[in-house]
Visitor: 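Take this structure first; my questions come after.
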2 protein chains.
Amino acid sequence: MAKDSATSVNRKSEILSAAIEVFAETGYYRATTAMVAERAKISQPYVFRFFPSKEALLLSALEVSWERIVGSFRQVVQSAAPENMEKELIVAYERIMEEHRNEILLQMQAQTIAEETIRESMRGGFREVREIVLEAFRGAGIEKPEERTFLFLARGMLCNVADAIDMPELKMT
Amino acid sequence: MAKDSATSVNRKSEILSAAIEVFAETGYYRATTAMVAERAKISQPYVFRFFPSKEALLLSALEVSWERIVGSFRQVVQSAAPENMEKELIVAYERIMEEHRNEILLQMQAQTIAEETIRESMRGGFREVREIVLEAFRGAGIEKPEERTFLFLARGMLCNVADAIDMPELKMT
DNA sequence: TCAATTAGTTATTGATTAATCACTACCGTT
DNA sequence: AACGGTAGTGATTAATCAATAACTAATTGA
């Protein structure tokens with residue numbers, strides 16, 4: 001069972017998980033470091049032993065969320081048959097939307113945060129995901145891979161919105 | 001020239017314009033009513049003569065932004081030839097993205113705000129726009145109008161994101 | 001066994017902010 | 001020449017919050 005051996009690395013990822021939840025539920029700017037601490041079952045100042053500032057915490061949380069998508073997509077790319085490539089990538093993303101909804105909500109928030117460090121992280125994430133999908137489509141022999149990649153990402157963005165505002169009819173017919 | 005006759009209605013819309021700017025630039029939660037007031041060239045408490053709370057101000061600002069899109073799309077629908085319908089709707093939206101970027105940024109922020117009044121406003125806006133586009137496509141004899149409407153909205157969402165994080169290469173090939 | 005390292009807390013602060021209150025200035029009417 | 005309505009401001013407040021400082025408790029290893 002490997003109980004709760006509170007290593008430093010362990011604590012750090014607990015705080016990150018708490019932050020993702022709280023930021024997603026409450027909104028980054030309205031969320032307080034005290035709320036994050038409470039969720040992680042530690043005191044508020046102890047958060048700052050692991051992250052130099054609230055913004056640094058957000059940045060790390062964003063990295064986690066992008067790595068989730070990148071890792072999942074890479075696995076699909078190296079395991080799916082070419083004719084199933086698009087469908088399998090869609091399924092993988094739908095799975096993330098279900099099981100890690102908060103990470104998606106966090107990314108949506110970050111889309112409108114003006115701090116340059118945050119924007120860079122978002123651009124990096126999108127660039128990497130786009131590259132993976134594009135290469136997957138090319139490798140699978142899909143026609144007009146750029147256009148198909150664009151549409152793949154576009155559908156993803158609308159599904160994010162439909163999910164966030166709880167309007168399932170927006171997702172499809 | 002009809003200078004600045006400061007009617008009450010006039011003031012109210014000045015405050016709304018200021019709020020749209022400030023909220024979009026700074027983020028709703030980080031933005032202060034003092035910043036809005038400064039932009040509108042009035043004192044901070046005077047904002048509350050026109051809006052009962054900061055959230056009511058956000059709600060009114062959102063209504064303005066949705067009315068912009070709805071009004072523009074309705075005009076296109078009744079003036080464009082069927083064969084140009086989709087293209088003209090796209091052009092209309094691109095125009096709004098250029099000329100009223102802040103209203104789009106405001107809507108993007110509102111997508112992740114959990115207050116029920118805000119979510120209802122967002123659902124209402126999306127429902128109305130979706131209905132207009134769908135009817136336009138049906139009236140123009142476009143095949144699979146539901147799917148085409150979905151893709152139209154989806155492309156819009158991705159363009160919003162690409163614009164917000166300043167990543168133009170995300171928009172197309 | 002004790003010194004250093006690690007893990008964690010309580011207390012505090014300085015800044016910020018939505019909202020309220022009490023006030024002043026101006027304008028048209030009678 | 002005074003009244004009532006409209007337009008607007010300064011001062012204040014009660015709450016909130018990120019970050020720091022100063023502390024204690026437990027663990028480890030030589």
Side-chain angles (χ1 to χ4, degrees), chain A residues 2-62 106 109-110 113-118, chain B residues 2-62 106 109-110 113-118:
Chain A
K3 274 295 298 293
D4 43 3
S5 51
T7 68
S8 180
V9 175
N10 212 324
R11 267 278 178 273
K12 189 163 184 174
S13 77
E14 282 169 15
I15 296 172
L16 272 173
S17 296
I20 289 169
E21 284 180 27
V22 172
F23 289 171
E25 289 167 12
T26 316
Y28 170 69
Y29 287 116
R30 233 186 355 162
T32 70
T33 57
M35 292 165 76
V36 173
E38 189 183 2
R39 192 73 61 107
K41 283 178 241 175
I42 57 170
S43 65
Q44 178 259 334
Y46 199 39
V47 172
F48 291 87
R49 276 274 199 286
F50 297 87
F51 301 93
S53 66
K54 191 186 176 190
E55 192 180 310
L57 179 55
L58 170 61
L59 206 58
S60 293
L62 273 179
L106 187 69
Q109 285 186 46
I113 291 179
E115 313 312 314
E116 203 45 50
T117 61
I118 304 298
Chain B
K3 274 297 296 295
D4 42 5
S5 52
T7 68
S8 181
V9 174
N10 212 324
R11 268 278 179 269
K12 189 164 184 174
S13 77
E14 281 169 15
I15 296 172
L16 273 173
S17 296
I20 289 169
E21 285 181 27
V22 171
F23 289 170
E25 288 168 13
T26 316
Y28 170 69
Y29 287 116
R30 234 187 353 163
T32 70
T33 56
M35 291 164 77
V36 173
E38 191 183 1
R39 192 73 60 107
K41 283 179 241 175
I42 56 169
S43 65
Q44 180 260 334
Y46 199 38
V47 171
F48 291 87
R49 274 274 201 287
F50 296 88
F51 301 93
S53 66
K54 191 187 173 188
E55 192 179 311
L57 178 55
L58 170 61
L59 207 59
S60 293
L62 273 179
L106 188 69
Q109 285 187 44
I113 291 180
E115 314 310 316
E116 203 45 49
T117 60
I118 303 298

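Chain naming here is simple, since letters A, B, ... match the order of the sequence lines and numbering starts at 1 in each. Predicted model only: the values in this text are computed from it and were never measured. Note: hydrogens, waters and symmetry copies are ignored here, and every other heavy atom, side chains too, is used.
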Visitor: Are the side chains of A/Arg30 and A/Met35 in contact, using a 4.5 Å heavy-atom criterion?
Guide: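 Side chain of A/Met35 against side chain of A/Arg30, heavy atoms only: no contact under 4.5 Å found.
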Visitor: Could you tell me whether the side chain of B/Arg39 reaches within less than 4.5 Å of the side chain of B/Glu25, counting heavy atoms only?
Guide: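 Yes, close enough: below the 4.5 Å cut-off.
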Visitor: Just how far, in rounded Å, is P of C/dT6 from CD1 of A/Ile42?
Guide: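 So the CD1-P distance, A/Ile42 to C/dT6, works out to 18 Å.
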Visitor: So do the side chains of A/Gln109 and A/Tyr29 get within less than 4.5 Å of each other, counting heavy atoms only?
Guide: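 No, too far: nothing below the 4.5 Å cut-off.
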Visitor: Just the rounded figure in Å: distance from C1' of D/dA19 to CG of A/Leu58.
Guide: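 Rounded to the whole Å, the gap is 17 Å.
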Visitor: Using 0.5 Å steps for rounding, measure from the CZ atom of A/Arg49 to the CZ atom of A/Arg11.
Guide: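 Rounded to the nearest 0.5 Å, the CZ-CZ separation comes to 13.0 Å.
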Visitor: Enumerate the residues from residues 15-25 of chain A whose closest heavy atom to DNA chain C is under 4.0 Å, giving them by residue number; use none for an empty result.
Guide: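 DNA chain C contact set from residues 15-25 of chain A: none.
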Visitor: Specify the separation, in whole Å, of atom CD of A/Glu38 and atom P of C/dT9.
Guide: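 Those two atoms, CD and P, are 13 Å apart.
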Visitor: Whole-Å distance between D/dT6 C1' and B/Asn10 CG?
Guide: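 Checked: the CG to C1' distance equals 15 Å.
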Visitor: Are any of the side-chain heavy atoms of B/Ser43 and B/Tyr46 separated by less than 4.5 Å?
Guide: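 They are in side-chain contact.
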Visitor: Would you give a per-nucleotide map of nucleotides 10-26 of chain C, 5' to 3', where B means the base has a protein non-hydrogen atom under 4.0 Å away, S means only the sugar-phosphate does, and - means neither?
Guide: BB-----SSBB------
Visitor: In a table with atom names and distances, give each donor-acceptor pair under 3.5 Å that connects a side chain of residues 53-61 of chain B to protein atoms at least two apart or in another chain.
Guide:
{"residue": "B/Ser53", "atom": "OG", "partner": "B/Ala56", "partner atom": "N", "Å": "3.1"}
{"residue": "B/Lys54", "atom": "NZ", "partner": "B/Tyr28", "partner atom": "O", "Å": "2.9"}
{"residue": "B/Lys54", "atom": "NZ", "partner": "B/Ala31", "partner atom": "O", "Å": "2.8"}
{"residue": "B/Glu55", "atom": "OE2", "partner": "B/Thr117", "partner atom": "OG1", "Å": "2.8"}
{"residue": "B/Ser60", "atom": "OG", "partner": "B/Ala56", "partner atom": "O", "Å": "3.3"}

Visitor: Is it the case that more than 12 heavy atoms not belonging to A/Glu38 sit under 6.0 Å from its CD atom?
Guide: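 Not more than 12 within 6.0 Å, no.
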Visitor: Measure across A/Val36 and A/Ala18 and return the closest heavy-atom pair with its distance rounded to 0.1 Å.
Guide: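 Between these two residues, the closest heavy atoms are O-CB, 3.6 Å.
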